[in-house]
Amino acid sequence: MPAQSVLDVMRRGYVLIVVLLLLLAVTGVGHTLLVMTRSEFFVSRARWEALTRRLAAEAGQKSTARVTSGADSLPLGSWVPMGSAPVPPRARYDASVVRLSPEVFLILAEGSLEGEPGRDRRVGLYWAMDPVSRFLAASGIVESGGPVHAEAGSMVDPSQLHDTPGPWREESCMPFRPGLDTPPVHAPLPRGELDEDPRAESGDGLGSGRVEPRLPSLGLLGHDALVAGADLRVPGTVSPAPIHRLGRCEVTSPTNWGAPLDAADPCAAYKPVTASEGSLIVNGGQGQGVLLISGDATFRGSARYYGLVVVAGDLQIIGESEIHGLVRVRGEVLLGGRSRIVGSACAALSALDAAQRLRELTPIPQSAWPDSH
């Protein structure tokens, strides 16, 4: 074979070897990429499954908090199953709740994927207002951040604390007898003290440099939560009176605060949560429930109110006006003329019991959990 032919064969063989080596390298790279892709796929799938289970558990926790009704009827210390529900596309949750104390609840929710092993657990502490607990937490018939001034002829009257307010029917107070039979307050007379739960949100001053009045907290319910839970919003001056339509109580009117002075009235059982976004003058009339005033409050003209009155500023009661129940005021309290604040456990408890929007489960911040610091 000529020498040139031998050289051509050698060159072609070298090229073939190079090509084979390149093919082998490409195959190795491809295999490596395939392995990496499969690994990333399984890692991503595992992450997706874990995230889906977690989101399902969180959805179960939030859903259970929303739908839990009659929380005050749950037994203390016993787990109560709250059922399960699907969470699209493939997840579901199972939830249960335990009442740790009259106002503290623990919700446990587990998220899972249908047909897949593994579960994600989420727990949350929640608070819900208990009327008896809130009543027992009061330090007096009048709780105030400032002094209480009672002029001659006016008074803070604790003598009817356990009685059924007239003209209420006796049976209207029967559901609250357990609260009535327990000493309801540490001191029947005002002491000028206003205790607040530090876990309730606090108000900040606005950019104008003026600090807006903030309602005293009610347990974990701070100013914003209280206002958001109101059934009615009222203007600066009002003379409340029961309103009927076709023999039924008209509950949409901002001037209808129920009928505490007539047990036979269609509005006798209506006890709304009423809020004023500024100062309020109650010029006569009658009402009951929970009254929230984000400013100063004045009761005049023989006004009558039964329940809980919460005032962000000062409270003035003049003439022959009366408040039956409990009063919670951030500022000062002034009673003039022949006005009275009459302690009434039944009026306060029935008002808190009827305030359903204020009794929903509220998440307790994790920073407030035991051993969380």
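Note that these values count all heavy atoms, side chains included, but never hydrogens, waters or copies made by symmetry.
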Taking [Y]'s backbone N and O only, do any of them form a donor-acceptor pair with [X]'s side chain (distance below 3.5 Å, no angle check)?
X      : Y      : answer
Asp163 : Pro165 : no
Ser350 : Ala347 : yes
Ser276 : Ile293 : no
Ser279 : Asp296 : yes
Gln356 : Asp353 : yes
Thr64  : Ala95  : no
Arg99  : Pro102 : yes
Gln288 : Tyr270 : yes
Ser101 : Val104 : yes
Thr52  : Trp48  : yes

Ionic contact status for [Y] with [X], cut-off 4.0 Å:
X      : Y      : answer
Arg330 : Asp314 : no
Asp224 : Arg214 : yes
Asp94  : Arg119 : yes
Arg328 : Glu143 : yes
Lys62  : Glu58  : no
Arg340 : Asp157 : yes
Glu103 : Arg134 : yes

Can you find a pair of side-chain heavy atoms, one from [X] and one from [Y], that are under 4.5 Å apart?
X      : Y      : value
Pro242 : Gln286 : yes
Leu125 : Phe105 : no
Thr255 : Ile243 : yes
Leu74  : Val97  : yes

>> Is it the case that the side chains of His324 and Glu322 hold a donor-acceptor pair, with the cut-off being a distance below 3.5 Å and no angle test?
In response: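 Their side chains do contain a donor-acceptor pair, which is all the 3.5 Å distance test asks for.
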>> Any donor-acceptor pair under 3.5 Å linking the side-chain atoms of Arg92 with those of Ser84?
In response: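 Checked: Ser84/Arg92 side chains pair up, N/O donor to acceptor below 3.5 Å.
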Count the heavy atoms belonging to other residues, nucleotides or ligands that lie under 6.0 Å from [atom1] of [X], then report whether that count exceeds 12.
X      : atom1 : value
Arg338 : CZ    : no
Arg169 : CZ    : no
Arg245 : CZ    : no

>> Under 4.5 Å side-chain heavy-atom separation, chaining through any Ile, Leu, Val, Met, Phe, Trp or Tyr, what else clusters with Tyr306? Say none if it is isolated.
In response: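 The other cluster members (ILVMFWY side chains, heavy atoms under 4.5 Å, direct or chained) are Trp168, Leu261.
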> Pick one: which of Val273, Thr274, Val309 meets side chain to side chain contact (heavy atoms under 4.5 Å, CB included) with Leu292?
Replying inline: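 Option passing the side chain to side chain contact (heavy atoms under 4.5 Å, CB included) with Leu292: Val273.
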Say whether [X] and [Y] are linked into one hydrophobic cluster, either directly or through other cluster members, by side-chain heavy-atom distances under 4.5 angstrom.
X      : Y      : result
Ile318 : Val238 : no
Val342 : Leu315 : no
Phe176 : Leu218 : yes
Leu113 : Leu55  : no
Leu334 : Val310 : no

> Closest heavy-atom contact between Val234 and Pro254?
Replying inline: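 Looking at all heavy atoms of both residues, the closest pair is CG1-O, 3.2 Å.
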